[in-house]
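Structure first, then comments.
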Amino acid sequence: MKVFNRLLDQLSTFIAARKGLLPMLGVLLVLLNFVVQFLPLGWLATSDLLLHLGVVLAVLGFPSLLEAQESADFFRQNCV
């Protein structure tokens, strides 16, 4: 469990330092899904998995991009 917590902390620190990474990955996955639907790749092309993952990543990434500093300040003032 400690290894998982450490890994999650490192991942969180990595993503926090690169604020536009999640929205860019989300847009990339949506564009990749557009290309994949024209290729004969079976269930990957028909399920729109990359589209759904891309939208979720982009939606999760934009609030962190817009309000990361405000959220951190609010947390420090009210929760610690």
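Note that the structure is predicted; figures quoted are calculated from it, not measured.
One finds the CG atom of L53 at 11.0 Å from the CG atom of L25 (value rounded to the nearest 0.5 Å). For the atom pair CG of D48 and CH2 of W43, the computed distance is 11.5 Å after rounding to the nearest 0.5 Å. Note: R6 CZ to K2 NZ = 8.5 Å, rounded to the nearest 0.5 Å. Separation of atoms CD (Q37) and CG (L32) is listed at 11.0 Å; rounding is to 0.5 Å.
Screening V55, L50, L44 for a side-chain contact (heavy atoms from CB on, under 4.5 Å) with N33, the sole residue that qualifies is L50.
In this structure, A45 and V36 approach most closely via the heavy-atom pair CB-O, 3.6 Å.
Note: the hydrophobic cluster containing L28 does not contain V35 (ILVMFWY, side chain heavy atoms under 4.5 Å, direct or indirect links). The same ILVMFWY cluster, assembled from side-chain heavy atoms under 4.5 Å apart, contains both L11 and L57.
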